[in-house]
4 protein chains.
Amino acid sequence: MNTRTERADQSSVRRTQILAIAARLIASQGYSATTVRDIADEAGILSGSLYHHFSSKEAILEEILRSFMDGLLARFEEIASAGTSPRETFDALVQHSFLTIEREPDAVGLYQNESAFLATQPGFEFLQEKSSRIEALWMTVLREGQAAGAFRGSMDVGVVYRFLRDSLWSTVRWFRPGGRHTAESVSGHYLDLFHNGLLAD
Amino acid sequence: MNTRTERADQSSVRRTQILAIAARLIASQGYSATTVRDIADEAGILSGSLYHHFSSKEAILEEILRSFMDGLLARFEEIASAGTSPRETFDALVQHSFLTIEREPDAVGLYQNESAFLATQPGFEFLQEKSSRIEALWMTVLREGQAAGAFRGSMDVGVVYRFLRDSLWSTVRWFRPGGRHTAESVSGHYLDLFHNGLLAD
Amino acid sequence: MNTRTERADQSSVRRTQILAIAARLIASQGYSATTVRDIADEAGILSGSLYHHFSSKEAILEEILRSFMDGLLARFEEIASAGTSPRETFDALVQHSFLTIEREPDAVGLYQNESAFLATQPGFEFLQEKSSRIEALWMTVLREGQAAGAFRGSMDVGVVYRFLRDSLWSTVRWFRPGGRHTAESVSGHYLDLFHNGLLAD
Amino acid sequence: MNTRTERADQSSVRRTQILAIAARLIASQGYSATTVRDIADEAGILSGSLYHHFSSKEAILEEILRSFMDGLLARFEEIASAGTSPRETFDALVQHSFLTIEREPDAVGLYQNESAFLATQPGFEFLQEKSSRIEALWMTVLREGQAAGAFRGSMDVGVVYRFLRDSLWSTVRWFRPGGRHTAESVSGHYLDLFHNGLLAD
DNA sequence: GATGAATGAGTGTTCATTCAT
DNA sequence: AATGAATGAACACTCATTCAT
C-alpha cells in the first residue's frame, strides 16, 4: 500500500470516527443541542478543525443519515426480492431491523428523533424519498401476505404498517446492545406479539 | 367576581395561551431549536415580556410536561380503579390514550421527543416518577389479564408493554386531529391488531 | 413630547451614532477589515447589542450608503433643475460636491473605497442605479454647455465626466474638514483648473 | 544554464505567477477580503503550500507594491532627467502613467485601494517614501513649467498636483486593457482637458 | 404587563499559519 | 514543492435573561 492510499485511508478513518462521535452525541442530546465543539472535543481536536473534514455541521448530519438510509433500504430490497413467502419476508425484515438497531443504535436513534423535522428541510429531501420507498416495500409484503391468506385480510394495511414500524424502531430507546436483550430475543418477542396478538386462544 | 380574581384569571388566560404556543412550537421544532423569541413572537409580545409570566424557558417546558403527566396519570388511575375486567380496563386505557393524543397532540409530541433526554436533567425527575407509575399501572393490568386467562401467558409483560406503549404514543406523529382518522377509528385498528395479531386463523 | 416619542427619538439617536461610528471606521479601515466589535467598542456596547439596532453588519453598510446616495442625488437634482445656465449649474454641482465632502467625509470615503466592489453584490444594486442617474445628470449639463458654446465642443463628454468625477471625489483622501482647506477654497482651485487648464494664455 | 539556475528560475516563475494572481484578486476584492485560499486555489495548490514561496500574506502584498513602486519611480526619474522642456516632461509623465495602468492594472488598482490605509502600517513605510519622491518629482516639473511661463502661474501647485494625480490614476477603475480605450487615446483626452480646460475660447 | 436596550456567554464558521510527511 | 491535518484566534451572529422605564 503506497503512501497516498494510506493517507486517504487515514482520512477516511478520521471521517468515520467523527461521524460515529457525532451520531452518538446527536442521538443522545439532539441535533441542535449538540455543538460542533462537543463533537470536536470528543474527537480530540479543535472545533475549527472539523471543517477540514466536513463543510458544515449540517453536512455531518446529512452524511450520517444518508449512509444509514442507503444501507437500510439496500438491505431491505435484498430481503424483499429473495423470493421467500410473504410471512418469511416479513419476519426477515423484522429481524434485520432489530439487527440494525443493535449495530447502529446511534443512527437509528438520531433518525427517530430528528427525521420528522428534517424531512421538510432543504437538503434532506432524501429522507422523505427513502422512507417512502421503505414504506412501499413493507406495504407490498403485507398486502401480498393478505392476498396469500397468511395475514388477516380485514386490517387497514396503511395503519398496521405504522403501528409495526413505530413499535419496532422505537425499541432503540430501551434496547441497547450489551443489555439484557439481543436483537434475536427482541425479534422473538416482537414477532410473537404481532403474529398472534395479546388475546389467549 | 372581584377585581383580584379577574386579574388572576386574565393572567391565567395569558399563561395558558403562552403554554399552548410553546407546546406547539417545541413539539414541532424541538426544545432547543425553539427560541423564547419564537414563542413571544407568536404570542404578540417581546421576548423579555415572557419573563413576567414564567421564570425561564425551562420553566415553561416543565409546566407543560408536569400538567400533562399529572392529568394523564390521574385519568389512568381512575380507569384502572374502575373495577372492570383486565381486558376492559386495557381497552379503556388504550382508548383514553388515543383521546389524549387527539386532544393534546402538542404535549404528547413534545413528551415523545424530549422526555428521554430530559428525564435525566435536574428539575425533571418527575418525568421518571410519573412514567414509572404509569408503567406499573399498565403492567398490573397486563399481568392480571394473564392471570385471568384473557391474555396469553407466554409473553414477557415488560417487553410487551414497551411495544404497546411505543406503538400507541408514536401515533402522534401521523395521527393529527382533523385528518382522516379519529381517536376512535385509530383505537379500533390498534385494538384489533394487538388483540388478534397479524396472522390469519 | 410624550414618553413614546422621546424613546423613539433616543432610538433614532442611537442608530445615528452607530451609523456615524461605523462610517468612520469603515472609511478608514475598509469594510471587511472593520469588525462589528470595533464598531460596538466605539459605541460603548457589546457587539451582540448592535443587533438590537441593525440586522447585520451589511445592513449598517447599506444604510450608510443608501442615505448618502439618496441625499446626494436629491440635491444634485435640485441644482440641475434650477434653470441656471450650464456653466452656472456645473459650478454649483462642483461646489455642492465639495460641500458634501466637507460635511460627510466618511460616507464619501467609504463610497470611494467600497462602491466599485459592492455595486455587483446582491442588495447593493441601488449603488449602480443612483450613480447612473448622477452620471446622466452631469453629462446632460456638460452636453448642454457644449451646445450653448460654453464648453469646448471637441471633448469626449463621457471621458471628461470621469476625469472630473474622479478628481473631485478623490479629494476626500486629502481634504479633511478642519485642515488648511475649506470646501470653498478647494472648489475655487478645482474650478480654476478645470475651467482654464494648465497652460498659460 | 545549470540545474541550480533553472530551479531558481522555476521558483521565480511560480512566484511571479502567484504574485500576479494575488494582485488581480486583491485589486478586485480588496486585501482583507482576499484569502490565501483564494490565491492558492487559483494557483492550483493548497493554501499551506503558498508558504513555501512567501512568508506571509502580508509579504505577498508588500512584494507586489514594492516592485510596482520601484519600477514606477525609476521610470519617472528617467523621464524627469531626460532634459526635455517642462511641458514635454509633463506630457511624458502622463503618457507613461497611462501606459502603466494599461500594463499593470492590478498593481495600480491595488495601490489605489489599499495604499492610503497601508501607508501607516509597519513594514509599509516605503509607500510613503516612494510616493513622496514621486510627488516631489511631479511638483518640480509643474513649478519649472510655471517658471518657464508654460503653465499658468496663479495655480496652487500642491493642489493642482493632487487633482492631476487622482484624475489620472483613478482611471484604472474604468479604463481596462482590451476595452474601447487605449493608453494613448486616454492620454490624449487627459492632456487635452488638463492643458486647455473645459471652457471655450 | 409590557417595552426596548443591553448583557454575557456561546454558536457555527473562517482564516492565516504551521508542520510532519 | 506540495500535501493534508491541525491550530488558535477571531468573526458575525444568536440566545436566554435582566432591568430601568
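Throughout, a chain's letter reflects where its sequence line sits, starting with A, and its residues are numbered from 1. Note that the structure is predicted; figures quoted are calculated from it, not measured.
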Please tabulate, for side-chain N and O atoms in residues 108-119 of chain B, each donor-acceptor pair with protein atoms closer than 3.5 Å (sequence neighbours left out).
from: B/Asn113; atom 1: ND2; to: B/Ala27; atom 2: O; distance (Å): 3.4
from: B/Asn113; atom 1: ND2; to: B/Gly109; atom 2: O; distance (Å): 3.3
from: B/Glu114; atom 1: OE2; to: B/Tyr31; atom 2: N; distance (Å): 2.8
from: B/Ser115; atom 1: OG; to: B/Tyr111; atom 2: O; distance (Å): 2.8

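Remark: D/Thr34 engages D/Gln29 in a side chain to side chain donor-acceptor pair (under 3.5 Å) (not counting sequence neighbours). Residues satisfying the salt bridge (Lys or Arg N to Asp or Glu O under 4.0 Å) criterion with C/Glu58, sequence neighbours excluded, are absent altogether. Remark: B/Asp41 engages no residue in a salt bridge (Lys or Arg N to Asp or Glu O under 4.0 Å) (not counting sequence neighbours). Residues satisfying the side chain to side chain donor-acceptor pair (under 3.5 Å) test with A/Gln17, not counting sequence neighbours, are A/Arg14. In this structure, D/Ser67 has no side-chain contact (heavy atoms from CB on, under 4.5 Å) partners at least two apart in sequence or on a different chain. Every residue two or more places apart in sequence or in another chain was checked for a salt bridge (Lys or Arg N to Asp or Glu O under 4.0 Å) with D/Glu104, and none qualifies.
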**Request:** Classify every nucleotide of nucleotides 11-18 of chain F by which part a protein heavy atom approaches to under 4.0 Å, writing B for the base, S for the sugar-phosphate alone and - for neither, in 5'-to-3' order.
**Result:** SBBBSSBB
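Among the duplex regions that DNA chain F forms, those built from at least three successive Watson-Crick or G-U pairs under 3.5 Å are E:2-21 with F:2-21, ordered by first number.
Within the 4.0 Å cut-off from OP1 or OP2 of E/dG4, not a single side-chain nitrogen or oxygen of C/Arg14 is found. Distances shorter than 4.0 Å separate some side-chain N or O of A/His52 from OP1 or OP2 on F/dA5. In terms of phosphate contacts, C/His53 brings no side-chain nitrogen or oxygen within less than 4.0 Å of OP1 or OP2 of E/dG4.
In this structure, the CG atom of D/Leu50 is 15 Å from the C1' atom of F/dG4, given to the nearest Å.
Applying the salt bridge (Lys or Arg N to Asp or Glu O under 4.0 Å) rule to pairs touching residues 21-37 of chain D yields D/Arg24-D/Glu42, sequence neighbours excluded. Among residue pairs with one or both ends in residues 118-130 of chain A, those qualifying as salt bridge (Lys or Arg N to Asp or Glu O under 4.0 Å) are A/Asp70-A/Lys130, A/Glu129-A/Arg133; sequence neighbours excluded.
Applying a 4.0 Å cut-off to non-hydrogen atoms, none of the residues of residues 116-123 of chain C approaches DNA chain F.
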